[in-house]
Amino acid sequence: MRRIARRHTDRSRAPLTCERGRLDSCRGPRRAHGEGARTLHTENIPADGHAIAVALATGELLRASWAELALAFAPPPARAVPATVLRIIDTSLARHKPHARIVGIGVAFATEAFTSGFVRFGADARVSVDLAPRFSASVRAGFRHALPITAPDGTVTADALVFGGEGSVPLFSRDARWNLDLLARLDVAVISFGATPLGGANAGAATLASFEASGGVRATCSLTETLRLSLEGGAGGAIIAANARDGSSIVSGTNGALFFGALALVGKF
């Protein structure tokens with residue numbers, strides 16, 4: 001057996017171990033994240049061509065190692081990657097880069113609760129667009145049903161249509177499997193109040209608009225290349241509240257502090 005070895009600090013060089021008739025192994029950067037082995041049979045290669053075969057096999061191993069550095073969910077490399085290698089990766093992948101997925105379409109189960117005791121829940125349809133690497137905008141529309149509230153003269157019910165807009169800033173790269181976004185939201189809720197009176201009390205119905213602002217965070221997990229599951233929550237309040245009254249007293253509505261939460265499933269296109 002003869003050994004071809006060279007002390008190296010650059011990942012573009014690899015110490016090789018050779019046996020007669022075959023290249024037994026290439027110890028070093030076959031993988032960007034560990035060592036591996038490559039077997040090359042040379043029985044049918046002329047002796048004066050062995051050096052070229054070894055060089056080609058080594059190049060293959062290095063290219064495979066470098067390609068792993070471009071994987072979205074690959075662990076970090078065991079050692080620093082030279083700038084030359086990074087440039088080669090960028091050049092090699094430039095013509096093969098996948099279409100950027102910047103549009104998201106999804107559905108969410110959402111709820112909002114106010115310290116006044118008004119709690120509504122329902123579903124949203126959502127559309128988002130990544131306007132920049134560190135900024136996304138989205139719109140949503142959905143239906144809400146509110147829990148009934150008991151008042152001295154009866155029970156107050158409510159349903160609402162909610163229309164909202166949102167800006168978000170990711171704290172990590174969009175390619176990361178797990179991410180955390182900061183949110184700023186503005187919603188308009190068109191609320192239809194109804195009442196079931198007790199005894200001889202009078203009751204009426206009204207439709208009012210509530211303008212609400214809030215902020216929070218969203219945690220996202222990439223289930224597949226195109227599917228995202230997210231959980232979000234935060235707090236805010238009504239800029240202009242919509243309230244139902246029993247006489248002069250507010251018995252239901254969007255006054256007070258607001259707390260929101262949502263579980264969403266979004267596809268990226």
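Counting begins at 1 with the first residue of the sequence.
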I'd like a table of donor-acceptor pairs (distance under 3.5 Å, sequence neighbours excluded) in which one partner is a side-chain atom from residues 247-264, with atom names and distances.
{"unit_1": "Thr254", "atom_1": "OG1", "unit_2": "Ser210", "atom_2": "OG", "d": "2.9"}
{"unit_1": "Thr254", "atom_1": "OG1", "unit_2": "Ala242", "atom_2": "N", "d": "2.9"}

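Phe143 and Phe109 fall into different hydrophobic clusters, where Ile, Leu, Val, Met, Phe, Trp and Tyr side chains are chained together by heavy-atom contacts under 4.5 Å. Using a 4.5 Å cut-off between side-chain heavy atoms of Ile, Leu, Val, Met, Phe, Trp and Tyr, with links allowed through other members, Leu227 and Val103 fall into different hydrophobic clusters. Linking Ile, Leu, Val, Met, Phe, Trp and Tyr whenever their side-chain heavy atoms come within less than 4.5 Å leaves Val169 and Leu183 in two separate clusters. In the hydrophobic clustering of this structure, Leu223 does not group with Val266; members are Ile, Leu, Val, Met, Phe, Trp, Tyr whose side-chain heavy atoms approach within less than 4.5 Å, directly or through other members.
The shortest non-hydrogen separation linking Ile191 to Ala160 is CG1-CB, 3.8 Å. Taking every heavy atom of both residues into account, Asn243 and Leu208 meet most closely at O-CD1, 3.4 Å. The nearest pair of heavy atoms linking Leu131 to Ala137 is CD1-CB, 3.9 Å. When all heavy atoms of Gly117 and Ile149 are compared, the pair lying nearest together is O-CD1, 3.7 Å. For Arg144 against Val162, the heavy-atom pair with the smallest separation is CG-CG2, 3.6 Å. Taking both residues in full, the closest heavy atoms of Asp124 and Ala110 are given as OD2-CB, 3.8 Å, listed atom of the first, atom of the second, then distance.
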Exercise for the section: Report the C-alpha separation of Arg101 and Arg174 in whole Å, then their side-chain angles, then the decisive distance to 0.1 Å, and conclude whether the side-chain contact (heavy atoms from CB on, under 4.5 Å) test is met. Expected result: CA-CA 10 Å; Arg101 302 180 187 278; Arg174 294 193 188 280; over 6 Å; no
Exercise for the section: Kindly determine whether Thr157 and Phe193 satisfy side-chain contact (heavy atoms from CB on, under 4.5 Å), including the steps that lead there. Expected result: CA-CA 6 Å; Thr157 59; Phe193 291 101; over 6 Å; no
Practice task
Could you check Phe121 against Leu147 for side-chain contact (heavy atoms from CB on, under 4.5 Å), going step by step and ending with a plain yes or no?
Solution key: CA-CA 8 Å; Phe121 56 90; Leu147 297 178; 3.5 Å; yes
Handout entry: Test log, rule salt bridge (Lys or Arg N to Asp or Glu O under 4.0 Å), inputs Arg134 and Asp181
Key = CA-CA 10 Å; Arg134 292 291 183 177; Asp181 292 68; over 6 Å; no
Practice task
Begin with the C-alpha distance, continue with both residues' side-chain angles, and end with the deciding distance and a verdict on salt bridge (Lys or Arg N to Asp or Glu O under 4.0 Å) for Arg140 and Glu232.
Solution key: CA-CA 14 Å; Arg140 61 185 178 279; Glu232 62 189 53; 5.9 Å; no
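With sequence neighbours left out, the side-chain contact (heavy atoms from CB on, under 4.5 Å) criterion links Ala146 to Phe118, Arg120, Ala158.
Atoms CZ and CZ, from Arg177 and Phe172 in turn, are 15.5 Å apart once rounded to the nearest 0.5 Å. Here the CZ atom belonging to Arg218 is positioned 10.0 Å from the CG atom belonging to Leu180, to the nearest 0.5 angstrom. Between the CD1 atom in Ile239 and the CG atom in Asp187 there is a gap of 9.5 Å [rounded to 0.5 Å]. A distance of 9.0 Å separates CZ in Arg185 from CD in Glu212, rounded to the nearest 0.5 Å. The distance from the OG1 atom of Thr220 to the CZ atom of Arg228 is 8.5 Å, given to the nearest 0.5 Å.
Of the possible polar contacts, none joining the Asp159 side chain to the Ser192 backbone as a donor-acceptor pair under 3.5 Å is found.
The closest side-chain heavy-atom distance from Asp153 to Leu198 is not below 4.5 Å.
Just one residue in the list Ser168, Ser138, Ser136 forms a side chain to side chain donor-acceptor pair (under 3.5 Å) with Asp130, and that residue is Ser136.
Residues Ile52 make up the rest of the hydrophobic cluster containing Leu56, defined by ILVMFWY side-chain heavy atoms closer than 4.5 Å, directly or through other members.
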